[in-house]
Amino acid sequence: MIGSGDEDETSDRAGSSGHAGSTGRADSSSRAGSSGRVSSADRAESSDPADLAGAVISWFAENARDLPWRRPGFTPWGTLVSEFMLQQTPVIRVVPRLAEWLERWPTPAALAASSPGDAVGAWQSLGYPRRALWLHAAAVTIVERHRGIVPREVDALLALPGVGDYTARAVSAFAYGDRHPVVDTNIRRVIARAVQGDAEPGPPNGKRDLAEMAALLPTDRTDARAFNAGMMELGAVVCTARAPKCELCPLRASCAWRAAGYPEFTGKRKTIQKKFEGSDRQVRGLILAALRARHPEAVSHAVLSALWPDRLQFDRALAGLLADGLASLTADGFTLPTS
DNA sequence: GAAGCGTGGGC
DNA sequence: TGCCCAAGCTT
């Protein structure tokens, strides 16, 4: 069951820079036999979904990082909060904020009883502060419509603000153990490489991505949960976007990308993000940082406008924050959102 | 479907 | 240094 722990390949090259050299070995000669049980060595090179899942699950059992949401007794609410925070924010930056949040707001009802401004303030520098607003609104909905209990069903979760396809499935699968394919950026990359032989997954396609993960998902609920988590972990620490550590990968013997000699990506790249320096996003961030620093006190327009030289762009950014509900105008000046 | 949305770290 | 990337979601 330890899967592919043993080394049968010595030509791992995918380490530091580029994958140019490695011709790989395309010997599909030793694929798993046609029938019955598969030896550990055969399983390592098999393209059978069950063997891929088994290898990932075994690897995850031994290599999972010790993270808060993997502790016994972690609540569904904790899972929901962590998933919001992890949307586009690295694990290392989430961990300390998550601890603060769950100590301050151990239940949806606790957060719902606070103001959205408190939520945005406690979000600190996690980025994309509208997530704090959505999480607060989700807590209110959970109290009003779900008796303060984080919903278990994907459809109910999807109805919460800020919860999309990934988060809904992650909460149902990880907090409640239900069997759903979960697809995030890590899993899309692992599938692209190990199964499809491509260096990158290309732009997301909800239906197709879900179907691909579903085709690999073990039938057993416990296995399915471990497989979802293990695939994400594999993509996060081994099958990384840059400089993947192929020599440590439990799928190296069967990886289609490796077998093909690590071809470069030729498909459509995802759209590149515009430069942050000088952007509206930067100005919004500066304004919000000032409001956070003073919260719950108000900050005058004069003080805020001194943060950015371009008056037109400043006004646009501030108006945007007000429109988004991330700032409020009071008699004393601007604040984080009140009620 | 593309664009907009924060912030910080790695190479 | 500048660019890419990070457990996405909404419009």
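All heavy atoms count here, side chains included; hydrogens, waters and symmetry mates do not. In what follows, chains are A, B, ... by sequence order, proteins preceding strands, each numbered from 1.
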Practice prompt. Answer with yes or no after comparing the ring centroid distance for Phe314(A) and His301(A) against a 6.0 Å cut-off, counting only values under it.
Written response: yes

Worksheet, complete the sentence: Between Thr271(A) and Leu126(A), whichever has its closest DNA chain B nucleotide further toward 5' is Thr271(A)

Worksheet item: Looking at Asp66(A) and Arg70(A), does any basic side-chain N land under 4.0 Å from a carboxylate oxygen?
Response: no

Worksheet item: Is there side-chain contact between Pro151(A) and Ile142(A), with at least one heavy-atom pair below 4.5 Å?
Response: yes

Item to complete: Report yes if the side chains of Val190(A) and Leu251(A) come closer than 4.5 Å at any heavy-atom pair, otherwise no.
Response: yes

Item to complete: Determine the Euclidean distance between corresponding P atoms of dT1(C) and dG6(B); express it in Å to zero decimal places.
Response: 26 Å

Fill in: Beyond-backbone contact of Arg97(A) with Glu100(A), side-chain heavy atoms, under 4.5 angstrom
yes

Discussion item. Could you tell me how far dG9(B) sits from dC9(C) if I compare only their P atoms? Round to whole Å.
Written reply: 25 Å

Worksheet item: chain A on DNA chain B: first and last contacting nucleotide, 5' to 3', under 4.0 Å to a heavy atom?
Response: dA2(B) to dG10(B)

Fill in: Positions of residues 281-310 of chain A (non-hydrogen atom under 4.0 Å from DNA chain B), listed by number
Arg281(A), Arg284(A), Gly285(A), Arg292(A)

Practice prompt. Report yes if the side chains of Phe227(A) and Met213(A) come closer than 4.5 Å at any heavy-atom pair, otherwise no.
Written response: yes

Worksheet item: What does Pro129(A) touch in the nucleic acid at a heavy-atom separation under 4.0 angstrom: a base, only the sugar-phosphate, or nothing?
Response: sugar-phosphate

Worksheet item: Checking all strands, does Val182(A) fall into the base, sugar-phosphate, or nothing category for heavy-atom contacts under 4.0 angstrom?
Response: nothing

Worksheet item: Under 4.5 Å between any side-chain heavy atoms of Lys274(A) and Ser279(A), yes or no?
Response: no

Fill in: Close side-chain approach of Asp178(A) to Arg152(A), heavy-atom, < 4.5 Å
yes

Worksheet entry | dG1(B) versus dA6(C) - spacing of their C1' atoms, nearest Å | 22 Å

Practice prompt. Would you mind classifying the nucleic acid contact of Phe276(A) as base, sugar-phosphate or nothing, using non-hydrogen atoms under 4.0 angstrom?
Written response: base

Practice prompt. Between dA7(C) and dC5(B), how far apart are the P atoms? Round to whole Å, please.
Written response: 22 Å

Item to complete: Return the minimal non-hydrogen interatomic distance between Pro106(A) and Trp77(A), and the atom names on each side.
Response: O-CD1, 3.2 Å

Worksheet item: Under 4.5 Å between any side-chain heavy atoms of Leu210(A) and Arg169(A), yes or no?
Response: yes

Practice prompt. For each nucleotide in nucleotides 3-8 of chain C, reading 5' to 3', give B when a protein heavy atom comes within less than 4.0 Å of its base, S when such contact involves only the sugar-phosphate, and - otherwise.
Written response: -BSBBB

Worksheet item: Below 4.5 Å, heavy atoms only, C-beta onward: do Glu247(A) and Arg252(A) meet side chain to side chain?
Response: no

